[in-house]
2 protein chains.
Amino acid sequence: MGCVNASDVSWGAPRAERADAARNRRLLLATAREMLAESGPDRLTMDALAERSGLGKGTVFRRFGTRAGIFQALLDDSERGFQEQVLSGPPPLGPDAPPRERLIAYGQARIRFLLEHREIARHSIDGRQNVPTGTQTPLSRAHIRMLLGRIPLGAADLDLLAMQLTAALDAPLLLYVSASALDAAADRAERRLTSGWRDLVDRVCRP
Amino acid sequence: MGCVNASDVSWGAPRAERADAARNRRLLLATAREMLAESGPDRLTMDALAERSGLGKGTVFRRFGTRAGIFQALLDDSERGFQEQVLSGPPPLGPDAPPRERLIAYGQARIRFLLEHREIARHSIDGRQNVPTGTQTPLSRAHIRMLLGRIPLGAADLDLLAMQLTAALDAPLLLYVSASALDAAADRAERRLTSGWRDLVDRVCRP
DNA sequence: CGTGGAAACGGACTTTACCCCGTTTATCTG
DNA sequence: CAGATAAACGGGGTAAAGTCCGTTTCCACG
């Protein structure tokens with residue numbers, strides 16, 4: 001837990017982020033959340049964000065690269081707490097639970113998380129690039145991969161299987177089910193996706 | 001097969017597409033393909049497409065709605081042949097094969113198709129909207145759904161399972177595996193995804 | 001402290017997606 | 001064949017994304 005954070009002597013390779021840059025990133029994320037809460041994702045433009053933060057547009061773009069990048073950063077940020085639950089929280093989500101149960105619990109938690117942040121998650125997808133490296137899904141994938149490694153499955157391409165399961169978990173919420181349908185019946189959707197995930201995992205993990 | 005095509009007396013509800021509109025759509029798609037072949041997807045801008053087609057910008061937008069819409073239309077168009085193979089071609093892809101084998105064959109064919117059209121497929125994703133209704137994936141989903149219905153699976157939410165499998169099939173190519181990785185080793189990727197799909201279907205379909 | 005160089009900043013500039021609405025054209029009806 | 005009507009067209013206009021590069025700020029090191 002209290003081991004290594006960004007401001008430590010952790011410079012293994014790059015050179016730690018400059019102080020002003022870090023401050024501005026926090027400021028930008030905070031401002032973005034405000035704007036999001038006030039007027040929804042569509043009004044969150046790069047120009048507006050820059051102006052409202054009192055920063056230049058160039059800064060916003062260097063930090064996030066692209067519009068979708070802002071949403072990725074926001075999602076990433078929101079995910080931190082969730083990640084801690086997964087890595088060191090209580091079972092069945094955290095360690096000290098049998099891997100198959102952890103896998104099911106993980107899916108349930110992720111579904112809830114994505115539902116809760118569906119707007120942001122939706123907007124974090126950028127057709128020009130594949131899903132962001134170093135954020136959201138890769139961690140999902142890595143975690144699922146790790147759990148699969150501890151479940152007795154016959155010979156199998158575990159990396160690929162992890163990717164397939166990640167897709168089965170995320171894509172419905174990110175791509176397939178319409179946003180309006182989710183808004184209309186979020187509870188129902190959550191129950192359905194959750195039990196669907198359990199079924200899928202059950203099917204995949206046996207003999 | 002030769003039952004109902006767009007120009008028939010099929011006006012159940014809307015009013016068949018106007019002749020000039022149809023002609024222009026074909027022209028636009030053809031021009032888009034040319035431009036794509038010549039200079040890649042990034043140079044395919046709405047303005048350029050309009051000008052090169054000798055049409056107005058407004059026309060392009062009314063036809064396709066959005067930039068991603070062009071790529072969706074292109075993909076849809078390319079998919080027609082593929083769909084016929086699936087609906088009425090020879091087994092194991094077409095009818096007259098046991099459903100489990102058809103499902104596996106379908107996945108293999110779809111993987112090949114997406115790999116072949118990966119550029120277009122990538123660009124057809126629009127973060128603002130869920131995956132297009134009436135094209136590509138919905139058909140995938142419907143087909144998978146239909147096949148699942150004919151495979152003995154215990155009690156299961158078949159609609160959801162179909163969505164999960166569709167996601168597991170498409171998302172790796174659409175979202176997760178980087179375009180450059182695919183370009184670098186498309187053959188290897190195809191083999192891996194293909195056998196991964198077989199494994200997944202095997203796992204899912206056995207009580 | 002002072003300083004050199006790397007990193008971050010700012011905001012004008014360019015490009016592109018997307019909107020709007022007056023005008024033209026296809027098709028249907030009598 | 002003429003007139004009506006709804007659809008399609010055109011292309012200028014707007015706003016937002018993304019780029020560039022001269023200027024400023026940080027901070028490691030002396």
Side-chain angles (χ1 to χ4, degrees), chain A residues 6-29 31-32 35-36 39-73 123-129 132, chain B residues 6-11 13-29 31-32 35-36 39-73 123-129:
Chain A
S7 63
D8 272 354
V9 200
S10 67
W11 49 316
R15 178 134 96 193
E17 187 181 38
R18 238 169 74 171
D20 53 347
R23 182 165 38 79
N24 283 339
R25 200 190 51 240
R26 278 193 298 273
L27 172 61
L28 285 168
L29 288 179
T31 310
M35 297 177 67
L36 223 40
S39 33
D42 290 335
R43 299 247 182 230
L44 179 49
T45 75
M46 302 302 257
D47 282 318
L49 176 58
E51 182 169 12
R52 177 147 170 180
S53 306
L55 299 175
K57 214 182 352 175
T59 305
V60 178
F61 274 93
R62 177 157 355 78
R63 203 87 301 146
F64 301 114
T66 174
R67 187 182 135 90
I70 292 183
F71 292 91
Q72 289 162 22
H123 285 263
S124 73
I125 298 174
D126 179 2
R128 297 195 198 288
Q129 333 232 330
Chain B
S7 64
D8 271 355
V9 200
S10 66
W11 48 318
R15 178 135 96 193
E17 187 181 34
R18 237 170 76 169
D20 53 346
R23 182 165 38 79
N24 283 340
R25 200 189 52 239
R26 279 192 299 274
L27 172 61
L28 285 168
L29 287 179
T31 310
M35 297 176 68
L36 223 40
S39 33
D42 291 333
R43 300 251 182 226
L44 180 49
T45 74
M46 303 302 256
D47 284 343
L49 176 57
E51 181 168 11
R52 178 147 169 181
S53 306
L55 298 175
K57 228 187 322 187
T59 305
V60 178
F61 274 94
R62 175 155 359 78
R63 202 88 301 146
F64 301 113
T66 173
R67 185 182 136 91
I70 292 184
F71 292 92
Q72 289 163 21
H123 285 262
S124 73
I125 298 174
D126 180 1
R128 296 193 197 287
Q129 333 232 329

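All chains are named by letter (A, B, ...) in the order of the sequence lines, taking the proteins before the strands, and each is independently numbered beginning at 1.
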Nearest heavy-atom contact between A/Leu55 and A/Leu27 is CD1-CD2, 4.2 Å

Write down the distance between CD1 (B/Ile70) and P (C/dA17), rounded to a whole number of angstrom.
-> 8 Å

Taking DNA chain D as the partner, which of residues 39-47 of chain B come within under 4.0 angstrom of it by heavy atom?
-> none

Enumerate the protein-to-nucleotides 9-12 of chain D contacts in which both atoms are nitrogen or oxygen and the separation is below 3.5 Å.
residue: D/dC9; atom: OP1; partner: B/Asn24; partner atom: ND2; Å: 2.2
residue: D/dC9; atom: OP2; partner: B/Arg62; partner atom: NH1; Å: 3.4
residue: D/dC9; atom: OP2; partner: B/Arg63; partner atom: NH1; Å: 2.9
residue: D/dG10; atom: OP2; partner: B/Gly56; partner atom: N; Å: 2.9
residue: D/dG10; atom: OP2; partner: B/Thr59; partner atom: OG1; Å: 3.1
residue: D/dG11; atom: N7; partner: B/Lys57; partner atom: N; Å: 3.4
residue: D/dG11; atom: N7; partner: B/Gly58; partner atom: N; Å: 3.1
residue: D/dG11; atom: O6; partner: B/Gly58; partner atom: N; Å: 3.2

Work out which heavy atom in A/Phe64 is nearest to a heavy atom in A/Ala73; give both atom names and the distance.
-> CE2-CB, 3.5 Å

Rounded to the nearest angstrom, tell me the gap between atom CZ in B/Phe61 and atom P in D/dT14.
-> 16 Å

Establish, with yes or no, whether the OP1 or OP2 oxygen of C/dC18 is under 4.0 angstrom from a side-chain nitrogen or oxygen of B/Thr66.
-> yes

Heavy-atom nearest pair, B/Ser53 first then B/Leu49, reads OG-O, 2.7 Å

Note: B/Arg67 and B/Leu44 closest approach over all heavy atoms is NH1-O, 2.6 Å

Protein-nucleotide distance (B/Phe71, atom CZ; C/dA17, atom C1'), rounded to Å | 13 Å

For A/Arg52, does the CZ atom have more than 12 heavy-atom neighbours from other residues, nucleotides or ligands under 6.0 Å away?
-> yes

Could you state the atom-to-atom distance from CG of A/Asp126 to P of D/dA17 in whole Å?
-> 12 Å

How many angstroms lie between CE in B/Met35 and OG1 in B/Thr31, if you round to the nearest 0.5 Å?
-> 8.0 Å

For the student: nearest non-hydrogen atoms of A/Pro41 and A/Leu36, plus distance | CA-CD1, 3.4 Å

Between A/Phe64 (CZ) and D/dG18 (P), how many Å, whole number?
-> 14 Å

How would you label the contact of A/Ala48 with the nucleic acid (heavy atoms, under 4.0 Å): base, sugar-phosphate, or nothing?
-> nothing

Sub-4.5 Å side-chain heavy-atom contact between A/His123 and A/Gln72 = no

Does A/Phe61 have any side chain to side chain contact (heavy atoms under 4.5 Å, CB included) partners at least two apart in sequence or in another chain, and if so, which?
-> A/Met46, A/Lys57

Between C/dG10 atom P and A/Leu49 atom CG, what is the distance in whole Å?
-> 12 Å

Provide, to the nearest angstrom, the distance between the CD atom belonging to B/Glu51 and the P atom belonging to C/dA17.
-> 14 Å

